[in-house]
Amino acid sequence: MIDVLYFAWVRERIGVPRERVETRAETVADLVAELCAREDRYQAAFADRQSLRVALDQELSSFDAPLAGVREVAFFPPMTGG
Amino acid sequence: MIDVLYFAWVRERIGVPRERVETRAETVADLVAELCAREDRYQAAFADRQSLRVALDQELSSFDAPLAGVREVAFFPPMTGG
Amino acid sequence: MRVAVQEAPFDLGAEAAAFAAGARGAGAVVTFTGLVRDNGGRLAAMEIEHYPGMTEKAIASIVDEAVRRWALTDALVIHRHGRLGADEPIMMVATAAPHRADAFAAAEFLMDYLKSRAPFWKKEIGADGAEWVAAKATDEAALGRW
Amino acid sequence: MRVAVQEAPFDLGAEAAAFAAGARGAGAVVTFTGLVRDNGGRLAAMEIEHYPGMTEKAIASIVDEAVRRWALTDALVIHRHGRLGADEPIMMVATAAPHRADAFAAAEFLMDYLKSRAPFWKKEIGADGAEWVAAKATDEAALGRW
């Protein structure tokens, strides 16, 4: 089980800010593929990988990163703070 | 007649903040030479030309600038504001 | 060093004055304040979403990096989230250093990294709908200079 | 645009707040404040001499140049003269612009030019005598980048 968080328009497309996901995905990319296979709203959110960022346990990471030991995955658009 | 102003350590070496000078000097350098010929305190102030700046009518200028029409000449060290 | 991530407004004058008063030994204090632009009157409000937990860690790590790179005597970051009106301060950074070059460089570095590496997302609420602010290529490119 | 050359102290918090409040339409406000360094406790006071008349003209011309070069919505320069104590603010500049790069660049430009082209001279009064502050080659060199 892993906590998956969504922010900004990713959250809006998926419809929830966070959820617990039962998965055996080995990488972030595998997890994204699993989610997209479930429902259209995930496909809408993950359609353009270039415009998405991912954090693993609150550290910026990449889609090919392994999920072993990770408790929290977050998906969001490029940041626009400041 | 021309007003000659001195600032910072130039003022301290010459001993007055300003004076009116009767001169026919054609350039700033000529005026400096005239002043240095008068008294040692001017020589002390003008000894190192590299460490001096000059303004003509309140605009930064140079030692080879002509004095024709100028009413106010100021001598001072490099600025240290800010 | 102080980092504040908060919904409440802050008083930039009071923050700047307190920061400078605490910056003893520093000759140079730089502040940057980001304000909500009203886009020529079309903006009703700005909503800022963030990632509680990661936000604080990301900012602390950016501040640590600034302190490591420049001779700073102090640094401050305040960033708001939630709903803001036009012309309200969104965030500020302040840096104090013996020399101005360090204070300026560190403040610009903090801004560049906060823009693109701290998990905040802005949404502009206008009369004609709401829109997420898109990240600018120039902001990402700005990181390359450090 | 406001330029103030004054003997009286100024309240940097109040000045920064008023400047930002007046900067409507700007998204970015940068301030720089220069403080008297106490040189590890050896400084009793700093005396700043200036050239009344030329000072105001020189600063106005530096501000004009900044406004010509960058997209600023406002700019402020305050510079004190006379006798100042340790940790007192000597001067401040503030810039407001739609984009932060302009606000930062203009503030640094103003500082570089005020340092070396506005007629102020600092004298440090210490327990062991008084000394005119020497101009730094790095300050003159800083002008070359603009």
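A note on names: the letters A, B, ... follow the listed sequences, proteins ahead of strands, and every chain is numbered from 1.
The stretch residues 37-60 of chain C places C:Glu49, C:His50, C:Tyr51, C:Pro52, C:Gly53, C:Met54, C:Lys57 near chain A, each with some heavy atom under 4.5 Å from a heavy atom of that chain. Within residues 116-123 of chain C, the residues having any heavy atom under 4.5 Å from a heavy atom of chain A are, by residue number, C:Ser116, C:Arg117, C:Ala118, C:Pro119, C:Phe120, C:Trp121, C:Lys122, C:Lys123. Residues of residues 129-146 of chain C lying within less than 4.5 angstrom of chain A, judged on heavy atoms, are C:Trp132, C:Val133, C:Ala134, C:Ala135 in numerical order.
With a threshold of 4.5 angstrom between heavy atoms, A:Ala55 approaches chain C through side-chain atoms but not through N, CA, C or O.
For C:Arg68, the side-chain hydrogen bond (donor to acceptor under 3.5 Å, both in side chains) partners two or more places apart in sequence, or in a different chain, are C:Glu65.
Note on A:Glu72, A:Arg53, A:Glu59: by heavy-atom pairs under 4.5 Å with chain C, the leading option is A:Glu72.
Within 6.0 Å of CD in C:Gln6 there are more than 12 heavy atoms belonging to other residues, nucleotides or ligands. The local environment of CD in A:Glu26 is sparse, with at most 12 non-hydrogen atoms from other residues, nucleotides or ligands closer than 6.0 Å.
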